[in-house]
Amino acid sequence: MPLKLYNSLTRQKEVFEPLNAPYVGMYVCGPTVSGESHLGHARPFITFDVLYRYLLHAGYKVRYVRNITDAGHFEEEGKAAEDKITSKAILEKLEPMELVQKYTHLYHWAMDQFNNLPPSIEPTATGHIIEQIEMIKKIIADGYAYEANGSVYFDVIKYNEVYAKKNQPYGILSGRNLEDQLDTTRELENQDEKKNKVDFALWKKAPVEHIMRWQSPWGEGFPGWHIECSAMATKYLGKKFDIHGGGMDLQFPHHECEIAQSTVCNHEMPARYWVHNNMITINGRKMGKSYNNVVKLSELFDGSHPILTQAYSPMTVRFFILQSQYRGTLDFSNEALQASEKALRRLMDAFEWLKAQSFVADTMAKDVQLDAQLKTWVDELPEFMEDDLNTAKVVANLFEMVPVINSLKDKHIAADAIAGSTWQWVQAQLIIYIEKVLGLRVESGANRQQLNGVIHLLVEIRKEAKAKKDFATSDKIRNQLMEMGIQIKDEKDGEVSFTFA
RNA sequence: GGUCGGGUGGCCGAGUGGCUAGGCAGAGCUCUGCAAAAGCUUCCACAGCGGUUCGAAUCCGCUCUCGACCUCCA
């Protein structure tokens, strides 16, 4: 069964065929590190991490490039721009690299918390100024860009005239036509520099107060907002590569402009499959700075944002995102996150138990029907993934198996109800799908080993108390551990297990 | 205003023209010293109005309604 992905370019699900199998090139637009990442940012990075993981699982050799945008306007959050310009002392002045460093670290920390695999290459915009300038020079030389007062603009009208005839008009990705845009595009500053208001900047002349600036053939300035991705994608993935991903809000203008730039430079549509994840909403609205409804990841993890009734762990958030298909909006609420938290715990408890079992292959199934059902649930996992990464269905099937696993554990079903070979298959596949593909892991705090030892000791004391019918003591241990978020469970066979809330 | 996408049970979310995911919450039962956990059972649905069809939540039309993009944006 082949993998099918929804291609925004063609507006349909398409069978994924790499240009040079088994190699796959994938570019995903990374963060702008001028501020801290929020919940909304988590979605693309987790979505494309799962795609990356699935491609690896499918045997492809993937080069996954995810950039860091560290060039542009830089203002520390909450500080007014005037402060930076007026302050004289160097340490009081905004040092862009300091911010870049700070937020890059925070971003990497968050990615790690989410158990996102690091990309193969993580290029920075500031590290590729030369490539960007070269690209701009090429576009000018080909006649699709012009200089105006120290800035360089892309000539969208001309591009459209030429490439519309080649069935690649400007607007091909976002489904817009240029005439509409000419009517609706808002007025921006320095509009008069442009030949036309739909033109976009490749290079901007730096005003005096602009801190980040580089020398260029057009004077001191900084790159436009779209050229970095074109330059870095071309450099590391070639003129044409397989997958270009990002959030839906980047489709226009960002990706549209990338297509135009890259096509002029490389004479090819840069990517074959354009994959866009939908937004995370909060009370039905997209989470974004302009709506003032942003929950930063660090706030999410420690519960410090006023909208949050509690903290949510990174795996809870990851699982929350995986419970929906990436192309739909996903609505955030405390209720929804709490549901995910509980569900994930139930899933992982069952999974961890199953993982620790050893099954013998040579027993026959007494319950043939259940045996077959279990196999079906497992067999459907790849089918769901291949259907445009329907992780929601994958998760649903995992939950179908949870009661069966727990029934085996609690001896509600006999050990030989299901064939040993089936259990081995289920076990192996769940390890692949839960850990490798979905990237879920059991979260552990610091000093977990010591903590476990302490709990085991308390569990022993409680056992002894119970044996002596000293329920006051046994309940005290259980209840106080519960208050600390550690749950004691008396198993059927007299053993005791515990989980961390 | 232009372009596009939605409206599914208390909440979050899959979904196919007929067999009505899954999670959380609720109810009942089993197990249990009690509790929790676990298992079993169960309630609650497809925005509205028409139409196509033997049959539609799923196709078509209209209405209402929400949102996204058009500006940096995941």
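Order of the sequence lines fixes the chain letters, A, B, ..., with proteins taken first and strands second; residue numbering starts at 1 for each chain.
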task: Answer with yes or no whether Lys289(A) presents, from its side chain, a donor or acceptor under 3.5 Å of a partner atom in the base of C72(B).
output: no
- Is the His41(A) ring parallel, tilted or perpendicular to the His38(A) ring (thresholds 30°, 60°)? tilted
Of the listed A38(B), A36(B), C69(B), the closest approach to the Tyr291(A) side chain comes from C69(B)
(Q) Under 4.0 Å, counting only non-hydrogen atoms across every strand here, what does Met482(A) touch: a base, just sugar-phosphate, or nothing? (A) nothing
Exercise. With a 3.5 Å cut-off and just heavy-atom distances, do the side chain of Asn397(A) and the base of A21(B) make a donor-acceptor pair?
Worked result: no
Using a heavy-atom cut-off of 4.0 Å across all strands, would you classify Gly288(A) as base, sugar-phosphate, or nothing? nothing
Any chance the rings of His254(A) and Trp225(A) have centres within less than 6.0 Å?
no
Walking RNA chain B from its 5' end, the first of Thr281(A) and Ser407(A) to be reached, judged by nearest nucleotide, is Ser407(A)
Check: G67(B) base within 3.5 Å donor-acceptor of Asn283(A) side chain
no
Practice task
Just call it for His38(A): base, sugar-phosphate, or nothing, with non-hydrogen atoms closer than 4.0 Å on any strand.
Solution key: base
Which of C70(B), A14(B), G67(B) is nearest the side chain of Arg285(A)? It is G67(B)
Quick note, Pro253(A) side chain, CB onward, closest among G23(B), C70(B), A38(B) is C70(B)
Of the candidates A74(B), G39(B), G15(B), the side chain of Asn277(A) sits closest to A74(B)
**Request:** Would you kindly check whether a donor in the side chain of Arg478(A) faces an acceptor in the base of A35(B), or vice versa, at under 3.5 angstrom?
**Result:** yes
Of the listed G23(B), A74(B), G39(B), the closest approach to the Val402(A) side chain comes from G39(B)
- request: Check whether any side-chain heavy atom of Tyr312(A) sits under 4.5 Å from a side-chain heavy atom of Phe301(A), and report yes or no.
  value: no
Closest of C72(B), G33(B), C69(B) to the Arg176(A) side chain is C69(B)
Rounded to whole Å, the NE2-P distance (His254(A) to C70(B)) equals 13 Å
- Message: Measuring only the P atom in each nucleotide, how far is G55(B) from G2(B)? A whole number of Å is fine.
- Response: 38 Å
Quick note, Arg43(A) side chain, CB onward, closest among A74(B), G22(B), C24(B) is A74(B)
Looking at Phe320(A), is its backbone amide N or carbonyl O close enough to the side chain of Ser324(A) to form a donor-acceptor pair, meaning the two atoms are under 3.5 Å apart?
no
Testing G13(B), A37(B), A74(B) for proximity to the side chain of His41(A), the answer is A74(B)
Check your understanding: Just wondering, do Phe45(A) and A74(B) stack (centres under 5.5 Å, planes under 30°)?
Key -> no
Asn7(A) side chain to Leu9(A) backbone, donor-acceptor under 3.5 Å | yes
